[in-house]
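Everything on this sheet refers to the single structure shown next.
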Amino acid sequence: MSEINIKIGENQKSFPAPLSVAEALKSVDRDLLKKSLAAKVNGAEVDLSYELQPTDEVLSVEPILTETRDGLEVIRHSAAHLLAAAVIDLFPETKLGVGPALMDDPRYGYYYDVIAPRQLTEADLPVIEKKMRDIAKRNLPYRREVIDKNELIKLFTDRNEPLKCELVNEKAGDTATAYYIEDTPFVDFCLGPHVPNTNKLKAFKLLALSGAYWKGDANNQQMQRIYGTAFATQEELDGWLKQREEAERRDHRRIGKELDLFSIQDEYGQGLILWHPKGGAIRMEMENLLKEELKKRGYSFVFTPHIAKRELWRISGHEENYADSMFAPTSIEDEEYRLKPMNCPFHIGIYKASPKSYRDLPQRYSEMGTVYRAELSGTIHGLMRCRGFTVDDAHLFVRPDQVREEVADCLDFAIKVFETYGFDKVKFELSVRGEAENKIYLGADADWENAENSLANALKERNISYERIEGEAAFYGPKIDIKIEDAIGRIWQLGTIQLDFNLPERFELEYTGEDGQKHRPVMVHRALFGSIERFFGVLVEQFAGAFPFWLAPVQITVLPITDRINDYAESVFKELKQAGFRVESNLKSDKIGAKIRDAQIHKIPFMIVLGDKELEENKIAVRERKVGDIGQMSLEEFKVMARKLRETRALASV
RNA sequence: GCCCGAGUAGCUCAGGGGUAGAGCGUUUCCUUGGUAAGGAAAAGGUCUCGAGUUCAAAUCUCGACUUGGGCUCCA
């Protein structure tokens, strides 16, 4: 039995041993081998150099092609090894940690964690990258070797690689696979597969340097992480870098400054947002949309304080589970108080203020509730992560039989709102209980089952496809998370619909049922944006500052061509203001080109250009920021059009 | 909080042991020009703060604060 029978696509062939995967692929099509980086033999990933073994069965050989996702992963993984090889070459004392490919992180393609003999700085990145290129050009093969576990540990011990020893000890069976890049001092403990040789790595780049904890645990030693990315071709890498620039161009912090939307100032504290008039105008519109929908859907509006007695947070469990994220207590007349990190206990207080009957449910309390969380300084990031932020919060107190319907309405609500902003790709994730290993889940099994079913049924009822994630539920109940994809393909985690078995117990919530007995209501936490600040930041990036008419902080600007027209401009300005539009006028002595340029830069949807002609004919000339001059019309006609845009919350202006 | 950068005019940034620089913006004057920059002048800065080294510090050193990229955490 020395025959090797293989099947590649439709081709079935037999060869005498020995036969490598590369030879097998070549036998079918020479180009196929060129396009392949590795292969799958009966589904298992192997290198091209892998020797096929004679068996009775037919081996299915499937190439991993350059332009596939699997191929990209091989490239990135191999690039990570190349990075490590370069670092070791430059700094022989370096100890290696781990270096995976990143396939789902839009920012990076791979990293390697190292302990270098000295702290690396960003100035080292080009040097390391150059070394990577040098090694790549030498066209060195990646060589795989299966050796005895203890032998590999000895090898890493000799090389003074304690972290690698630790990994081999934990992960290897009796034998372990080691990878070399030939003729470099690099060895890794790794399953593979890799590209056959370094020449296959043509498009890679190092991007950033950061700290990272060994095994992701803050109690462990901090290492240095070097991030990079890699693609199959230079064109793809260039495209990706361009996309990255685009994201930078849309950065809400930059646009927020340019358009005077908000600021964060040292004197007031990091992570605390000052909303300027223009940001405030947008926020008002955001809140108005929510309020309209809340009213339609039977929510009531409640208002609660920013601070409460410490005892309240003891009852709610926040003192126990959430203290790290709360601002420290403050005292008055020997009573301790704490700023609120969440709104729920207050809404519970409203529920408890009077006894409830089954007829009173559901109770739906909503509030734009500003909360304060003591986020670590390093995590604060513009509007996306702050220490004071406003939750578009609501808590529903419902009977168990009402959960499905209430949740379904929350889903409708979410879809409606996100659609209005032009987010047509909304993703839902249902997080349910997993195998309770370390996690202790509160509540009875039957309750969990009912709750998970209610959530799943609500999703199914609305024909919403969703991803079910085991083990991601909070300890107090299952949830649906809402994520959206923005204009340049980034995913943002926003709101959540969360069932809670915990707080109703802790606060002993009740209602009197039809049977005259006391029952415990189910509590639903529900937020669509999560944080108004954060969602505002997402909107800034989504529209790159060019907000649709209904949201735009300045909707119209009036631009007279000469100062003979200023009076007419004033009257047009006043009339539009009267009609409730956010309008400005520019009476400076600039030429019209400069005024238009200024308005374009500020992304104002409509410019009204007024000259002698318009004055004579009592008309206005309208320019839309995207399409340009749209011609003359009467002010009345323009108002009708603008009103329609405002009322329908249209995304495009024409 | 931890690791690596950065902090100079309202903004974007250059400079760098010995009078503080540019562009944009602002104000004023000239200009009254028809769809993305007309011209001129002026105002505007304890070079983040505090210590140290030095005859001399915005510049070098240390520390603090803020900020950017990450880690961790999360909305």
Side-chain angles (χ1 to χ4, degrees), chain A residues 105 107-108 111 113 115-116 119-125 207-227 248 251 253-254 257-258 260 263-271 322 324-325 341-342 371 373-387 389-393 481-483 492-496 498 525 527-535 537-538 559-566 588-602 607-614 621-625 627-632:
Chain A
D105 188 325
R107 298 166 303 178
Y108 305 113
Y111 65 80
D113 285 348
I115 302 170
Q119 285 296 348
L120 301 173
T121 75
E122 256 147 53
D124 292 312
L125 294 183
L207 298 165
L209 200 58
S210 90
Y213 298 106
W214 174 236
K215 294 179 177 169
D217 184 341
N219 296 315
N220 285 341
Q221 176 177 17
Q222 185 157 41
M223 310 178 66
Q224 283 199 297
R225 175 168 297 178
I226 304 168
Y227 280 104
E248 210 169 294
D251 191 308
R253 291 164 302 179
R254 173 202 197 87
K257 215 178 258 180
E258 283 168 3
D260 197 18
S263 65
I264 301 163
Q265 299 177 30
D266 303 2
E267 294 83 342
Y268 299 81
Q270 44 173 333
Y322 211 74
D324 286 351
S325 297
M342 293 185 190
V371 298
R373 298 189 187 171
E375 298 291 348
L376 295 181
S377 59
T379 66
I380 287 172
H381 178 87
L383 295 169
M384 299 305 181
R385 193 74 183 277
C386 359
R387 284 185 173 157
F389 62 95
T390 304
V391 185
D392 62 316
D393 220 347
D481 282 328
I482 305 168
K483 296 184 174 185
W492 300 94
Q493 152 87 53
L494 298 172
T496 178
Q498 207 152 0
H525 305 257
L528 303 186
F529 300 159
S531 147
I532 303 264
E533 284 75 4
R534 182 180 157 89
F535 187 64
V538 172
L559 311 176
I561 289 169
T562 87
D563 55 17
R564 282 195 304 282
I565 311 296
N566 282 3
K588 285 194 283 192
S589 69
D590 286 335
K591 288 169 89 164
I592 192 63
K595 291 186 186 185
I596 286 170
R597 180 181 146 84
D598 187 62
Q600 290 285 156
I601 286 171
H602 288 95
M607 290 153 242
I608 291 181
V609 177
L610 301 176
D612 292 323
K613 260 190 281 176
E614 285 73 25
V622 180
R623 180 189 166 99
E624 198 275 334
R625 74 177 160 210
V627 298
D629 192 351
I630 55 175
Q632 279 196 354

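Here is how names work: the chains are called A, B, and so on, in the same order as the sequence lines, proteins then strands, and each is numbered from 1. Values below: every heavy atom of this structure, side chains too, minus hydrogens, waters and symmetry copies.
We find that CD1 of A:Ile596 is positioned 3 Å from C1' of B:rU35, with the value rounded to whole Å. As rounded to whole Å, 14 Å separates atom C1' of B:rC11 from atom CD of A:Gln265.
Within 4.0 Å of A:Gly628, counting heavy atoms only, lies no atom of the nucleic acid at all. When heavy atoms are screened at a 4.0 angstrom cut-off, A:Lys613 is found touching base atoms of the nucleic acid.
Side-chain N/O atoms of A:Glu248 and base N/O atoms of B:rG68 include no donor-acceptor pair closer than 3.5 Å.
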Exercise for the section: Toss me the dot-bracket line for RNA chain B: Watson-Crick and G-U wobble, both under 3.5 Å, 5' to 3', using | for pairs to another strand and [ ] for crossers. Expected result: (((((((..((((....[..)))).(((((.......))))).....(((((..]....))))))))))))....
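Under the side chain to side chain donor-acceptor pair (under 3.5 Å) criterion, A:Ser263 pairs with A:Gln265, A:His276, sequence neighbours left out. Evaluation of the side chain to side chain donor-acceptor pair (under 3.5 Å) rule for A:Asp392 yields no partner, not counting sequence neighbours. Legend: residues meeting side chain to side chain donor-acceptor pair (under 3.5 Å) with A:Arg387, ordered by chain and number and at least two apart, are absent.
Applying the side chain to side chain donor-acceptor pair (under 3.5 Å) test to pairs two or more places apart or on separate chains, those with a residue in residues 207-216 of chain A are A:Glu166-A:Trp214, A:Glu166-A:Lys215, A:Glu170-A:Lys215.
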Practice task
Report, as a single string ordered 5' to 3', how protein heavy atoms within less than 4.0 Å touch nucleotides 69-75 of chain B: B base, S sugar-phosphate only, - not at all.
Solution key: BBBBBBB
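Shown here, B:rU19 is classed syn by the O4'-C1'-N9-C4 or O4'-C1'-N1-C2 angle, which is within 90° of 0.
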